[in-house]
Structure formats: C-alpha cells, structure tokens
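Notes for the one structure printed next.
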Number of protein chains: 2
Amino acid sequence: MRSAVSGHPGAPFDDSQTDDGKVDQVTSTHLQRAVDLARRGPLADPNPQVGCVLVKGERVIGEGWHAGAGTAHAEVVALRAAGDARGATAYVSLEPCNHTGRTGPCARALIDAGVAKVVYAQADPNPSAAGGAATLRAAGIEVEHAAIETGLGRYWTYAVTHQRPFVTWKFAATLDGRSAAADGSSQWITGPAAREDVQARRATAGAIIAGTGTVLADDPRLTVRGHDGEPLRVIVGHRDIPTTARVKVDDNYLQIATHDPAEVLDALQDRQIRHAWLEGGPRLAAAFLRAGLVDEIVAYLAPALLGAGANAVGDLGIDSIADIQRYELRDLARVGDDVRIVLSGKGI
Amino acid sequence: MRSAVSGHPGAPFDDSQTDDGKVDQVTSTHLQRAVDLARRGPLADPNPQVGCVLVKGERVIGEGWHAGAGTAHAEVVALRAAGDARGATAYVSLEPCNHTGRTGPCARALIDAGVAKVVYAQADPNPSAAGGAATLRAAGIEVEHAAIETGLGRYWTYAVTHQRPFVTWKFAATLDGRSAAADGSSQWITGPAAREDVQARRATAGAIIAGTGTVLADDPRLTVRGHDGEPLRVIVGHRDIPTTARVKVDDNYLQIATHDPAEVLDALQDRQIRHAWLEGGPRLAAAFLRAGLVDEIVAYLAPALLGAGANAVGDLGIDSIADIQRYELRDLARVGDDVRIVLSGKGI
C-alpha cells in the first residue's frame, strides 16, 4: 500500500516524517488510541475510518471518531468533546483533511480551535483532500507525521489513489478447482463455518457484484446475513432478471448492462464505493482477472474432489505456463473443515 | 490408525494395556528413548521402525534399533550390546515379534536372554507376527503394554492390516486446479521450496507410481534427489516406454501393464511395499480415487491462475454434488510461495 501512496502525484510532502522506531512512547500511546477509536467507524463507507485524541499536558481532553459520510469528522467530534482545546495536541490516525466536502476542512477546525500541535499517523492519499499538514504549518501549528502502521484504510487508500474500488474476488471450490458438479449442483461445497466467514467479510464491502448468469442460475439474495452492513447489490450483464428473483430491487440495487469490468468499476466509483466484493460466476470473474482488475482473491477450498463440473474461473486467454497469472500468498487458515487462502496482486 | 488396528481380527489381546496418562515417568522416559532410536531406521522398508532400550536397576545396559529388512531386529541388537541382560527390563517401541522371518522371533530372544520384564508402546498389528506378548507371558515374563503415542509405523501398520500399501497421491496445481497450461506446459507451476518438499517426502516412500502417459509427456526420472532412499520406480499402463526415456530401467524398476489400481497394489504388496507415492497423471490418479484406493492427498497449490489446461484430476464419474468425494483436512502449511494441503481418507 505504502508504495502506491507515495507514488501518487498528489501524495503530500512528508519532510517531518519520523520512522516507526523513533516514535516516542507518549505519541505512540495516543496515536494507538486514535487508531482504536477509528475502528468504531464503518468500514463500508465512502470516507475513511479516522480517530482523534486531544491531549493537554498529560490529560486527554477530548476524543472522537468518524461515524460515516455525512456525519462530523473525527477531529470536529473531539474538539466538541473538549470544549476548550487551546494549546492542546491533536493525535489523529489520518492527516487532517484540507477540503470542504459534506463538512468543512478539519485543518481549518483545528486552527480555529487554537490547537498547538498535530500528530498524525497516515498521510492523506486523497488528492482532493490532501494538504492538511501544509495548511496547519502555514498557520503556525507544529505538525508531526509519526508514521506508525495503523492497519486502517487499506481499501479506502487504494480506492482514492487508483480512482476505482479495491476489488476482492471470492470463490468456493473443491481442492481440484470445481465450483459445481457436472449437473450444476453446488450446494454445499464448503461448510457452514466457511459460509459464515463469507458473510462476515462481504459485510465490510461497499458492494457485492454478481453476473446475470449467476443470478439466473443460483438466485442469490446478495444480502448480508447476521452482520451489520448492507453492501450495494450489483448485477452485471445484459440479461433481464425475472421479477421473481430473490435479489431485492431497491435504492441499494444496481444492474449494469455491460461485460466490461472497467465500466462496472466506473459506475461504482461514481457511487464512492471503496471496496467491491466480486462473487462470480466464473466468466465474470475471468473478465475482471483478464482486465487486471482483481486486487485480492479469497478462496475457500473444501477437502473434497469432484473431477468434473464448472471450474472456479473461466478462460483467461492463457495458453502457456509463461503467461500464468501470479499473485502473492497473504493468508492461509483453516475455517471449519475448509481452507481459506487469501492472495493479493503483487505489491498490493 | 488405532481403530484400524484394533478392528483387525489379528489384533493382539491387550488386557494389561495402560492409558497414556497412567504411564509412569521412568517408563515414559525409556519408551521415548526407544522411539527416538527407532527413527534411526529406514522409513521406506518392508519392516517397521523399532527401537529397544534394556535397563537393569537404573542403568541402561543396551540399546538397539532395526536398520531394515535382513538385518537384526532392535531387541537382538540391544541384547548383543548388553551382553548379560538377565533380570533386565526391555523397553520396546513395538510389541516383540513372534514369528521367524529372515531373523528369529524376538520374543524367543528376550526369553532366552533372561529378561525379567518387557514394556512395549505399540501392539503388533501384523497378523503373521503378533502374539509376542502372549509368548513372553507364557514364559513367565512380566509384560506391560504402555500405549504411548509413538508416531511410528503409520504406513507400515496400515499396510499390514489392510494387506496393501498405504497410497499417497501428490499433485501440484494452480489455485484453480490446473496442473498444466492449455499447451501442456507445466514447468514450473510451484516453486523450488515446494519441489524440494516433494523430494523429501517421496524419499520416504517405498515406491513412486506414474502412468505411461506421464512418462511419455514429462519424461520424469522418478528418482529422489538430495535425499537418501531409492523408491521402486513403478510405471503403470500398456504403452511402451521408449528406451530413450530418462527413467532408469533396472532391478528397482517395474512396469505394470494394467489400468486397474488394485492390480498395481497387489504387485506392490508382493514386493512388501508399505507406502506408495502416486504422482499421476490425472487419469491414473482418477482411477485410484474412483477405486477408493487413495489414503492421503498431498496437494501443492501455487498462488496463481491458469483458467484453462489440464485439471489436476480426471473424471471421477461424479455427476452431482451429492456424490462429492470428501476427505479430512490433516495439515495446512505455507511452503515457500506455495500452499501445501494434506488430506486423508475419513478415519485414516
């Protein structure tokens, strides 16, 4: 992620950036608290998770986190909680924003409140919002970029720097790569623990994408069961979906009549979707893979064999081993009786 | 394994068997030493790995292990080392054998040496050799079956109780289950660490099996590189292997002109092979899988996709998900950049 951020032309200057090892204990403690607060905000949101801690002397005088687009930013929430923040130090998980969106710029709010110093963990990669540190400095506020690893904003950072959602392709298959038997039956290849794991993960995405073929064949609801979050239900393809289909057609539903993955992501970018969860089928997944538009693969493999039936992924236009699509192994875990393998694109 | 052993009609009686938790510290220490000694013997051998420790009072007076078929058994080696073993206790990883094979029965040797007590960890599952404990008792020797988990003799025990070799099927594939690209190229799907892991594992097998199709297509040597051990090279099928093939034709080579996996295993059983390592190709593997003659699957999956090309396993005659072949997940590990998944048949 970091290379993607620093390679972006809109990346902020970071002359005062400190190394991880150089962050002192007090700074580390308050920043970590800011990160913990940030996590209370929603993951599936156009805006990043941000937390803020205001400290005067040794006393925490205010805390805040961003609860999602349209609500106050973390810094503003913390300033309101503090009341009088003159001379305080603000510890923020992300560089304070510099732009007026649905709310005013946070850099301006911190200046107006008379804060003496601002310490932030992650530089703002968003070209339309960056520059907060410079604005603060210009107003005479001491600014420190204490670059600790926050683990926050992975999808959001990717999306704002690449101008498209981060795409996770999920599939379930047998050890021999079959996602359905010869007669098309596929329920259930993986067990209940793996299926619950899918529910938990897709709940954090901004959109779930499936092809019309999958909708016609499997009639999925494309909802999240047992978890907060209601990702946009996105159907891709030209075929009509029957009115009897179980997928709910409402404001949170979108059919995109195309076979071009880039068009799909453009439509999702317009809706400020930061993380799209691609569920197939094999041909739609293949289209995204061929276009180089899959950033992460989450595979659930059952300890089972079918020997025939649909392969998990369709034709990728690869004839020879020299053109194999390679990814990096990120995570490997047993989930119930099944195996979960997470791959990501190189350098992602 | 244990259920397979106790379910065998030839399983020895075990009235004096003690639970794991009841084995005292002295017994546990000496038996563990016997197990450690046993591991010095060869894995790929008709005979099991066995170790023996002779103790008089608190002093170890002799140790031994079995170095492979045709050499002295562990008990005999230990007795020779001890010289005078009268009144001693023998700690043996496996119940002393009762039959005269290439060497005399160990139970008799222990009786003749005047040993006072025999403690063994694993009951002898071999119907033609079992009964050692009873023979010892009949001679007035105290016998204790201290059933600690030895981790020894997994393949050997399976083979002598099932009257056929334990079969491990190994394959390497992409995450989508392809073992070659569309043009047949397959070198290399997995990385050097995975290939080295294969070398180390196949070196412990008694035989490596490949089909004539694989020999004609890939021209494998079927040897072990960088490890001790020289498994029998077994080619299965009717097609002629050209004299220019790299597989060495000597006393350690066998072509079996059949497509019936049971015939293959009969031939290997005649040669006292306890563990066969099946390397494919897809059709030969499918024949073994259809026949229910694969006990273990070792899969190496590369973090890569091909989308086309040969599937890792051929047709298993499965039409519907109801007939899916299910296995148990035994082990999951990262090997270099790849994933190793070990499955075994239910209850194995």
Side-chain angles (χ1 to χ4, degrees), chain A residues 169 171 173-189 282 285-286 289-290 294 297 299 301-309 311-344, chain B residues 169 171 173-189 282 285-286 289-290 294 297 299 301-309 311-344:
Chain A
W169 169 45
F171 73 90
T174 57
L175 189 65
D176 59 326
R178 306 289 185 172
S179 57
D183 67 358
S185 55
S186 64
Q187 291 187 349
W188 297 101
I189 286 177
L289 290 161
R290 273 200 306 268
V294 170
I297 301 172
L301 299 187
L305 300 171
L306 276 168
N311 285 287
V313 61
D315 189 14
L316 298 174
I318 297 172
D319 288 325
S320 170
I321 199 81
D323 299 319
I324 194 170
Q325 279 202 4
R326 291 212 173 264
Y327 296 83
E328 289 184 1
L329 178 58
R330 289 287 167 193
D331 188 43
L332 183 60
R334 183 177 188 136
V335 179
D337 293 331
D338 303 306
V339 173
R340 185 186 65 215
I341 299 174
V342 180
L343 311 183
S344 69
Chain B
W169 170 44
F171 73 91
T174 56
L175 188 65
D176 58 326
R178 306 290 185 171
S179 57
D183 68 357
S185 56
S186 64
Q187 289 186 348
W188 298 103
I189 286 177
L289 290 161
R290 273 199 307 264
V294 170
I297 301 172
L301 299 187
L305 299 171
L306 276 168
N311 285 286
V313 62
D315 189 15
L316 298 174
I318 297 172
D319 287 325
S320 170
I321 200 79
D323 299 318
I324 193 169
Q325 280 202 2
R326 291 212 173 265
Y327 297 84
E328 288 184 3
L329 179 58
R330 290 287 166 193
D331 188 44
L332 183 60
R334 183 178 187 136
V335 179
D337 293 332
D338 303 306
V339 173
R340 185 187 65 216
I341 298 174
V342 179
L343 310 184
S344 69

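Letters go in sequence order (proteins before strands), and every chain restarts at 1. In what follows, every heavy atom counts, from backbone to side chain, and hydrogens, waters and symmetry copies are set aside.
- Proximity to chain A is limited to the side chain of B:A308, based on heavy atoms less than 4.5 angstrom apart.
- Note that CG of B:L305 and OH of A:Y327 are 5.5 Å apart. Values are rounded to the nearest 0.5 Å.
- Neither the backbone nor the side chain of B:A286 has a heavy atom closer than 4.5 Å to any heavy atom of chain A.
- The most heavy-atom pairs under 4.5 Å with chain B, out of A:A285, A:A180, A:A173, A:S186, come from A:S186.
- Of the listed residues B:A182, B:G177, B:S185, the one with more heavy-atom pairs under 4.5 angstrom with chain A than any other is B:S185.
- Contact count against chain A (heavy-atom pairs under 4.5 Å) is highest for B:N311 among B:N311, B:T174, B:D176, B:L301.
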Please tabulate, for the side chains in residues 332-343 of chain A, all donor-acceptor contacts under 3.5 angstrom to protein atoms that are two or more places apart in sequence or on a different chain.
residue : atom : partner : partner atom : Å
A:R334  : NE   : A:G336  : O            : 3.3
A:R334  : NH1  : B:L329  : O            : 3.1
A:R334  : NH2  : B:L329  : O            : 3.3
A:D338  : OD2  : A:G191  : N            : 2.7
A:R340  : NH1  : A:D197  : OD1          : 3.2
A:R340  : NH1  : A:D197  : OD2          : 2.9
A:R340  : NH2  : A:D331  : OD2          : 3.1

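- In this structure, the portions of B:I189 lying under 4.5 Å from any heavy atom of chain A include both its backbone and its side chain.
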Determine all donor-acceptor pairs shorter than 3.5 Å in which one atom belongs to a side chain in residues 312-324 of chain B; sequence neighbours excluded.
residue : atom : partner : partner atom : Å
B:D315  : OD1  : B:G317  : N            : 3.0
B:S320  : OG   : A:D183  : OD2          : 3.3
B:S320  : OG   : B:A322  : N            : 3.4

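- For A:A299, the part lying under 4.5 angstrom from a heavy atom of chain B is the side chain only.
- Taking chain A as the reference chain and counting heavy-atom pairs below 4.5 Å, the highest number among B:A304, B:P303, B:G184, B:P282 is found for B:P303.
- Considering only heavy-atom pairs separated by less than 4.5 Å from chain A, the leading option among B:R290, B:Q187, B:R330, B:R326 is B:R326.
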